[in-house]
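Okay, so here's the structure we're looking at.
All ligand and atom numbering here is 1-based and tracks the order in the structure. We count residues from 1, following the sequence as given.
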Amino acid sequence: MKKKVLSMVLATSMVAAGLVGCGGGSSETAAPAAEAPAAEAEAEAPAAEEEAPAADAEAPAAAASGNKVGVAMPTKDLQRWNQDGSNMQAELEAAGYEVDLQYASNDVATQVSQIENMINGGCAALVIASIDGESLTTVLESAKSAGIPVIAYDRLIMNTDAVSYYATFDNYMVGTKQGQYIVDTLDLDNADGPFNMEITGGSPDDNNAKFFYQGAIDVLQPYMDAGKIVVPSGQIDFATVGTPGWATETAQSRMENILSSNYADGTNLDIALCSNDSTALGVENALAANYTGEYPVVTGQDCDIANVKNMIDGKQSMSIFKDTRTLASQVVKMVGQIMSGSEVDVNDTETYDNGTGVIPSYLCEPVFADINNYKELLIDSGYYTEADLQ
Ligand code: BGC
């Protein structure tokens, strides 16, 4: 039975990998997470393992067995997590697993208790998109001692050596693509400027948010240093521009304040660098309510339906497309590899240190979408139908 499941997993993964072409560049492999047979692992003293760095992706204290996979998602409020959850469920079930899929309404205590239930309910592996990457240390100690491998999904889980692997889109590249889009659209290499920019960042408790911010700033900094880009509000630091919980309303009210303090006299805002679509939506609402100047370049991420509609209406310039089908396929493949004790595909063993060591990661490649290519990326690929975007 186990073998049958494994071959189904591998077959599904191979097909999926061929179809989606996740990643880019060559894949490395990491040591299997569950090398030790259960009997040996049980007899082992835990001390030696605890000292091992996370990068080694050591075998959990006792390998969990069974066929159920727990999938913990942050919230149903944002479109992308609904897609991630249902893609994961469909692909895992197609590969022969039973799935316990839970959403936590962006509430950390709810997510912790859902994970506890997954551990107590016999899940043999956990896939977790955390709400607050810093808040799962204690609950994941139980996962580790129960021998349950953990994959951090999209967001890195910090300060715990219970995380075996991390799968995500290249978060830094998300930011560089947003920055480069601004450079290209405004022809910053040739234009004199100065262009006025305001920055709306992500949630400070989400490790991804720093990577998005830094990727964009690294591309834009030379133009800021040259005086081609200025930030009239003076709000530039990651800590100052953050949007707790990625909330649309928070991004909106902050931008309304910025607009009334700095742009009410008719000054043009040229660039609204927004880390993702939920924050971009807030900024777009603020622009609609409080701004009469020329419409700025507005960036986003996720290609949420509301934002793609705004793109079609000229209210958002671009979004980053992270095909959730790609990430789900990759993670299902990793689950199969972990559960069978095979080598696990990773393509980055340097970037993501969660405070206990570098977590071996698989980074999928994001692409930008705008008015010129959205049909090909989003409709021709079957991600959305024409009707979804009307
Ligand atoms: C994800 C983004 C998403 C944001 C808000 C981040 O961790 O990578 O795709 O827009 O969370 O949910």
Exercise. Considering heavy atoms of the protein only, find what lies nearest to atom 4 (C) of ligand 1 and give residue, atom and distance to 0.1 Å.
Key: Trp246 CE2, 3.5 Å
Quiz item: Are any of the side-chain heavy atoms of Lys322 and Asp302 separated by less than 4.5 Å?
Solution: yes
Self-check item: ligand 1 N/O within reach of Arg80 N/O, cut-off under 3.5 Å
Solution: yes
Quiz item: Would you call the rings of Tyr383 and Phe321 parallel, tilted or perpendicular, where under 30° means parallel and over 60° means perpendicular?
Solution: perpendicular
Self-check item: Trp81 touching ligand 1 at heavy-atom level, < 4.0 angstrom
Solution: yes
Quiz prompt | Per-atom contacts of ligand 1 with Leu78, taking only distances under 4.0 Å to non-hydrogen atoms | solution = 5 (C), 12 (O)
Quiz item: Yes or no on salt bridge (Lys or Arg N to Asp or Glu O under 4.0 Å) for Lys68 and Asp100, after CA distance, side-chain angles and deciding distance?
Solution: CA-CA 7 Å; Lys68 187 155 64 162; Asp100 181 4; 5.1 Å; no
Quiz item: Numbering the atoms of ligand 1 from 1, which are under 4.0 Å from a heavy atom of Asp154?
Solution: 1 (C), 6 (C), 7 (O), 8 (O)
Quiz item: What heavy-atom pair brings Val69 and Val127 nearest, and what distance separates the two atoms?
Solution: CG1-CG2, 4.1 Å
Self-check item: Per-atom contacts of ligand 1 with Arg155, taking only distances under 4.0 Å to non-hydrogen atoms
Solution: 4 (C), 5 (C), 6 (C), 7 (O), 11 (O), 12 (O)
Quiz item: What protein heavy atom sits nearest atom 10 (O) of ligand 1, and how far away is it?
Solution: Asp302 OD2, 2.5 Å
Quiz prompt | Atom indices of ligand 1, in the order listed, that fall short of 4.0 Å to a heavy atom of Phe212 | solution = 8 (O)
Practice problem: State the atoms of ligand 1, each with its element, that fall below the 4.0 Å cut-off from a heavy-atom position in Asp206. | Solution: 6 (C), 7 (O), 11 (O)
Practice problem: Report the C-alpha separation of Asp84 and Arg80 in whole Å, then their side-chain angles, then the decisive distance to 0.1 Å, and conclude whether the salt bridge (Lys or Arg N to Asp or Glu O under 4.0 Å) test is met. | Solution: CA-CA 6 Å; Asp84 285 283; Arg80 76 150 292 186; 2.8 Å; yes
Quiz item: For ligand 1, which atoms, with element, lie under 4.0 Å from some heavy atom of Asn276?
Solution: 3 (C), 4 (C), 5 (C), 10 (O)
Exercise. Would you sort out whether Asp154 and Asn208 count as a side-chain hydrogen bond (donor to acceptor under 3.5 Å, both in side chains), showing the intermediate values?
Key: CA-CA 8 Å; Asp154 193 86; Asn208 290 356; 3.1 Å; yes
Quiz item: Is Ser381 close to Arg325 at the side-chain level, that is, under 4.5 Å between some pair of heavy atoms?
Solution: yes
Quiz prompt | Which of the ligand 1 atoms, numbered from 1, are nearer than 4.0 Å to a heavy atom of Lys322 | solution = 1 (C), 2 (C), 8 (O), 9 (O)
Practice problem: Answer with yes or no after comparing the ring centroid distance for Phe195 and Tyr223 against a 6.0 Å cut-off, counting only values under it. | Solution: no
